[in-house]
Each structure stands twice: as C-alpha cells, then as structure tokens.
Asker: 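My questions will all concern the structure given below.
Bear in mind the structure is a predicted one, so any value in this text is a computation, not a measurement. Each residue takes its place number in the sequence, starting with 1. All ligand and atom numbering here is 1-based and tracks the order in the structure. Every heavy atom of this structure was used, including side-chain atoms; hydrogens, water molecules and symmetry mates were not.
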Amino acid sequence: MNLSQYNTLRLPARADRVIQIDSVNQLSEITAALGQTPRCILGAGSNVVLHAPLAATVLLARIMGRSIAEDGCLTAGAGEDWHTLVMWSLEQGYAGLENLALIPGTVGAAPVQNIGAYGVELSDRIKAVTAWDFKNKKLIRLNASDCGFSYRQSIFRDPATQGPWDQPRYLITEIELQLRPLANAQVEINYADLKSAFAHRAKPPSAQEVADAVIAIRRRKLPDPKEIGNVGSFFKNPMVSQLQAKHLSLLHPDLPQYPAQASHHEQCKISAAWLIERCGFKGARRGDVGVHEGHALVLVNHGGGTGREILALAHEIQQAVVAKFGIFLEPEPIFLPQR
Ligand SMILES: Cc1cc2nc3c(=O)[nH]c(=O)nc-3n(C[C@H](O)[C@H](O)[C@H](O)COP(=O)(O)OP(=O)(O)OC[C@H]3O[C@@H](n4cnc5c(N)ncnc54)[C@H](O)[C@@H]3O)c2cc1C
C-alpha cells in the first residue's frame, strides 16, 4: 500500500498493510492477530519522514470522541484532529489551548513529542494519557507526571520506553486536558511574535484573540502542507548552557535566543532557523526537495522528492551547521523506518 496520502511530506513509501483502529474494543484482537510481527503507528503523518518501505503493518489511530466537563477537564480520542479540538474547546467556553492552534496532526500524537508553540507545551495542560499497552495487553492510564514530558520528548518517543519503531509498546487512545473557563483565563503572550501582535493593546487579549493571532502568524510564516509537502520545523532548536549562550551572543549578537521551559532554567534555546539561514540554505533546492524560501527550518518536497533525498539534505545541513557553529541540529520528525 502506498502511504503518500498518509504523510504531509507526501513521500511515496510503501507499507505491507494498513489497519484503521476506530475503537479500543479492536485492540485486544489486533494484538493477538499481529503477535510479534512488525507494526508501527501513524496519526496524520505530519511529523514523520518515510524514507524507505515500511516492512510492517501500519496502525492508524482513529478513535474519535470529545467531551468537556464543567470543571474544564477535556477528554478526546486519539483520532480527533488537534486544531479542530483547540477551536472547539474555545467555542465551549474554555481556554488553555489557544497558543497551540493550527498545529497539524491528531490528538493521539500530541503527547508523543509534547507539542509546543508560542510559549506553551502540551505538558502545561495535560492531566493524563490513556494508552493500549501491547506488552501487557491492556489499557493503562498514565498521569502527566509519568509521561516523561520535556522539550519535544516523552516516554512515547523514547526508544528506551516505547521500544523499537516496529514494536512500539504504547498506542495512545485518549488524552485528558485541564482547561479553564474563559472568564478566569490568563493568556500567555510573552512569546515575541505574540507580544508584538498585542503591543498596541491596553487590555490583555481574550483567548480567542490569541488563537486568531497564532493562526494569522502561522499562516504567514509556515507553508501549508496541502500546498507543499512538509513536516513543519525539521530540526529542534538546540538547547545550550547559559555560558555557551553568552559566548555565542558575543560572537553573533543577532542570534535569537529563547528562555527554556522552567524545568530547564539553566539552559537556553537558540534559533535553529537562524543557524541554517546563516549557512546559506534558505530557499536551497536539491532536485525535487529543498529548504522553504520563507522559513529556513522547513524542508519541503516540491513534488517528486523521496525520503532519501530529504534525509540527504538534512544531513548536508547538519554538517554545515556543525562546521560553522560547532552545534549539532537534532531532527524533530521521526524517521520511519528508524535508522
Ligand atoms: C506545517 C506544520 C507545522 C507544525 N508545527 C508544529 C508546532 O508548532 N509544534 C509542534 O510541536 N509540532 C509541530 N508540527 C509537527 C506535528 O504537527 C506534530 O508533531 C503532531 O503532533 C504530529 O501529529 P500526527 O498525527 O501527524 O503524528 P504522526 O506524524 O502520524 O506521528 C508522529 C509520531 O507519533 C507516533 N504516534 C502517532 N499517533 C500515535 C498514537 N495514537 N499512539 C502512539 N504513538 C503515536 C507515530 O508513531 C510517530 O512516531 C508541525 C507540522 C507541520 C506539518
């Protein structure tokens, strides 16, 4: 089966078989039928690079359903579309997800890399994750504190806990988020782009206005995967020590730096896009793949590109950034099969 419709880079990798999971009731039977044969999980394919055939059964997590309790506890099935959920939560009168508007993908994948944008991470709002445990063949509910969340990381992404790409241990079925009624909401607008969007305002914006601003900024800055294949940011922003950050800013006063999450206050995030742009890659093209002309962090498929070509370009960028700045850029998307 060709997976080009199942990944936003539109890469033409093949898989042995695809099974759609619509209900948790299917999981026991599917586990028994698969036995130890290779399997892998896909949501909407907006954070994967399919660079070779997948000798595995692909499980599409499509469990639907969403509800919100009066206290702001939102429960959503893994197959729900993330952005639709964000907008729905605001319509229901609850705030908390507005900074995470317009991130592509499914709800079930959101905890995998602890999605984050504009100063908020999923881990700031998540209460619990329910997952099918293939090892013990049962559903388990993990509190947020058991999910190992950090910058673009969780136990669901770490091979030490999730296992190899073709034997993943956990399939997320549902998540619970703790939101706040709009009336008591405090919005987070410290991120530079949002700060300037509301600089002229005397009163803080509403959560809906923050979502609208985030959507407008994202539409302006990021290419739409429906128009050109991409997975958003291809590299994580590197985390460096405060000392290294100071040293870098002496050498490169215009290198953008961002504060790390509170749990990593001794570190500093620096802009991967700036490093790549300074190596001359913005708008570069290698055959049918390239770097987006508007955003140096986004690798694109112009149409007929392959996963191998994307990986070769990513490698070329990593080498150039190491040679010029001595900094290694870690890829953000997951390479399938894993290398
Ligand atoms: C234009 C664009 C902008 C983006 N912006 C951001 C951003 O601002 N912030 C950000 O954090 N990310 C961003 N991303 C990346 C992406 O949107 C997120 O990582 C998203 O959560 C991926 O969802 P998905 O359903 O497409 O997952 P997939 O790409 O299908 O899968 C990603 C990983 O999660 C695993 N997985 C998927 N579903 C499950 C499940 N139910 N249980 C267990 N494992 C599962 C897969 O095996 C794979 O390893 C962006 C991507 C694009 C294309």
Side-chain angles (χ1 to χ4, degrees), residues 3 6-11 20-21 24 27 39-50 54 56 58-64 76-83 85-86 99-123 129-134 142 147 149 151-159 161-175 191 193 214-215 217-219 221-237 292 294-295 297-301 331-338:
L3 295 175
Y6 294 97
N7 73 101
T8 60
L9 261 170
R10 305 277 169 248
L11 297 171
Q20 179 163 321
I21 299 170
V24 289
L27 286 162
R39 58 171 188 269
C40 83
I41 306 166
L42 268 191
S46 64
N47 205 33
V48 291
V49 181
L50 308 179
L54 298 183
V58 172
L59 303 175
L60 292 178
R62 295 291 182 265
I63 298 159
M64 306 304 278
E80 293 282 335
D81 173 68
W82 174 261
H83 173 66
L85 186 76
V86 171
N99 297 53
L100 304 176
L102 216 62
I103 298 181
T106 57
V107 162
V112 174
Q113 75 154 3
N114 181 24
I115 56 168
Y118 301 97
V120 173
E121 289 186 338
L122 184 79
S123 54
V129 172
T130 303
W132 175 256
D133 178 355
F134 279 98
L142 296 161
C147 294
F149 289 126
Y151 172 57
R152 300 293 186 271
Q153 186 60 290
S154 75
I155 61 162
F156 309 106
R157 190 176 165 144
D158 182 351
T161 35
Q162 179 69 338
W165 75 274
D166 57 354
Q167 285 294 321
R169 176 167 178 181
Y170 301 112
L171 183 143
I172 295 166
T173 57
E174 187 177 275
I175 70 172
Y191 209 81
D193 280 344
V214 166
I215 292 169
I217 296 165
R218 294 183 72 100
R219 289 213 169 113
K221 288 197 153 181
L222 288 168
D224 181 348
K226 285 193 195 102
E227 284 159 21
I228 185 162
N230 76 88
V231 281
S233 303
F234 201 93
F235 298 101
K236 298 180 188 180
N237 285 321
H292 193 252
H295 202 316
L297 204 46
V298 181
L299 270 54
V300 294
N301 178 3
E332 186 174 307
I334 290 160
F335 298 166
L336 291 176
Q338 229 145 43

Asker: Using a 3.5 Å cut-off on N or O atoms only, is Ile172 in polar contact with ligand 1?
Answerer: yes
Asker: Measure the distance from atom 46 (C) of ligand 1 to every protein heavy atom, then report the residue, atom name and distance (to 0.1 Å) of the closest one.
Answerer: Ile41 O, 3.2 Å
Asker: For the pair Phe234 and Phe335, name the ring-plane relationship: parallel under 30°, tilted 30 to 60°, perpendicular over 60°.
Answerer: tilted
Asker: Under the 3.5 angstrom rule, does the side chain of Thr173 hit a backbone N or O of Thr130 as a donor-acceptor pair?
Answerer: yes
Asker: Closer than 4.0 Å to some heavy atom of Ile334 - which atoms of ligand 1 meet that?
Answerer: 33 (C), 48 (C), 49 (O)
Asker: Given Ala117, Gly45, Ala109, identify the one with the heavy atom nearest to atom 37 (C) of ligand 1.
Answerer: Ala109
Asker: Report yes if some N/O of Gly116 lies less than 3.5 Å from some N/O of ligand 1; otherwise report no.
Answerer: yes
Asker: Under 3.5 Å between any N/O of Thr8 and any N/O of ligand 1: does that happen in this structure?
Answerer: no
Asker: When you measure from the side chain of Asn230 to the backbone N and O of Pro223, does any donor-acceptor pair fall under 3.5 Å?
Answerer: yes
Asker: Atom 13 (C) of ligand 1: which protein heavy atom is closest, and how many Å away?
Answerer: Ile103 CG2, 3.8 Å
Asker: Check whether any N or O atom of Asn230, backbone or side chain, sits under 3.5 Å from an N or O atom of ligand 1, and answer yes or no.
Answerer: no
Asker: If you count the atoms of ligand 1 from 1 in the order shown, which ones are under 4.0 Å from a heavy atom of Val231?
Answerer: 50 (C), 51 (C), 52 (C), 53 (C)
Asker: Is there a donor-acceptor pair under 3.5 Å between the side chain of Trp82 and the backbone N or O of Ala109?
Answerer: no
Asker: I'd like to know if the side chain of Thr106 reaches the main chain of Gly43, judged simply by a donor and an acceptor atom lying under 3.5 Å from each other, with no hydrogens or angles considered.
Answerer: no
Asker: Can a donor-acceptor pair be found, under 3.5 Å and without considering hydrogens, that links the side chain of Arg169 to the backbone of Thr161?
Answerer: no
Asker: With distance as the sole test, does Gln153 use its side chain to make a donor-acceptor pair with the main-chain N or O of Asn114 at under 3.5 Å?
Answerer: no
Asker: List ligand 1 atoms under 4.0 Å from Gly105, heavy atoms only on the residue side.
Answerer: 23 (O), 24 (P), 25 (O), 26 (O)
Asker: Show me which atoms of ligand 1 lie under 4.0 Å from any heavy atom of Pro225.
Answerer: 1 (C), 53 (C)
Asker: To which protein heavy atom is atom 16 (C) of ligand 1 closest, and what is the distance rounded to 0.1 Å?
Answerer: Ser46 OG, 3.4 Å
Asker: Suppose I only count heavy atoms of Gly43 and a 4.0 Å limit; which atoms of ligand 1 are within that range?
Answerer: 25 (O), 28 (P), 30 (O), 37 (C), 38 (N)
Asker: For the residue pair Gln20 and Arg62, confirm or rule out a side-chain donor-acceptor distance under 3.5 Å.
Answerer: no
Asker: Could you report the tightest heavy-atom contact between Leu299 and Leu9, atom names first, then the distance?
Answerer: O-CD2, 4.0 Å
Asker: Starting from atom 29 (O) of ligand 1, what is the nearest protein heavy atom, named by residue and atom, and what distance separates them?
Answerer: Asn47 N, 2.7 Å
Asker: Is a donor on one side and an acceptor on the other found under 3.5 Å between the side chain of Tyr151 and the backbone of Asn237?
Answerer: yes
Asker: Return yes if some donor-acceptor pair links the side-chain N/O of Ser154 with the main-chain N/O of Phe149 below 3.5 Å, else return no.
Answerer: no
Asker: What atoms of ligand 1 come closer than 4.0 angstrom to any heavy atom of Leu42?
Answerer: 30 (O)
Asker: Pick whichever of Gln162, Gln113, Arg218 has a heavy atom sitting closest to atom 3 (C) of ligand 1.
Answerer: Arg218
Asker: Give the atom numbers and elements of ligand 1 that come within less than 4.0 Å of a heavy atom of Thr106.
Answerer: 23 (O), 24 (P), 25 (O)
Asker: Would you say Phe156 contacts ligand 1, with heavy atoms under 4.0 Å as the rule?
Answerer: no
Asker: On a heavy-atom basis, I'd like to know which of Ala110, Pro104, Ala78, Gly77 is closest to atom 20 (C) of ligand 1.
Answerer: Pro104
Asker: Please give me the minimum heavy-atom distance between Tyr191 and Gly119, naming the atom from each residue.
Answerer: CD1-N, 3.5 Å
Asker: For Ala56, give me all partners under side chain to side chain contact (heavy atoms under 4.5 Å, CB included), at least two apart in sequence or on another chain.
Answerer: Pro38, Trp165
Asker: Specify the closest pair of heavy atoms between Pro168 and Phe134, including all atoms of both residues, with the distance to one decimal.
Answerer: O-CD1, 3.4 Å
Asker: Is there side-chain contact between Leu50 and Tyr6, with heavy atoms separated by less than 4.5 Å?
Answerer: no
Asker: Should Arg152 be listed as contacting ligand 1, given a heavy-atom distance under 4.0 Å as the test?
Answerer: yes
Asker: How far is atom 31 (O) of ligand 1 from its nearest protein heavy atom, and which residue and atom name does that atom have?
Answerer: Val48 CG1, 3.9 Å
Asker: Considering the heavy atoms of Gly108, write down every atom of ligand 1 situated less than 4.0 Å from one of them.
Answerer: 39 (C), 40 (C), 41 (N)
Asker: Which residue holds the protein heavy atom closest to atom 35 (C) of ligand 1, what is that atom called, and what is the gap in Å?
Answerer: Val112 CG2, 3.9 Å
Asker: Measuring from atom 24 (P) of ligand 1, which candidate in Ser154, Ala44, Gly232, Ala101 has the nearest non-hydrogen atom?
Answerer: Ala44
Asker: What residue and atom, counting heavy atoms only, is the protein's closest point to atom 21 (O) of ligand 1, and at what distance?
Answerer: Ile115 CG2, 3.3 Å
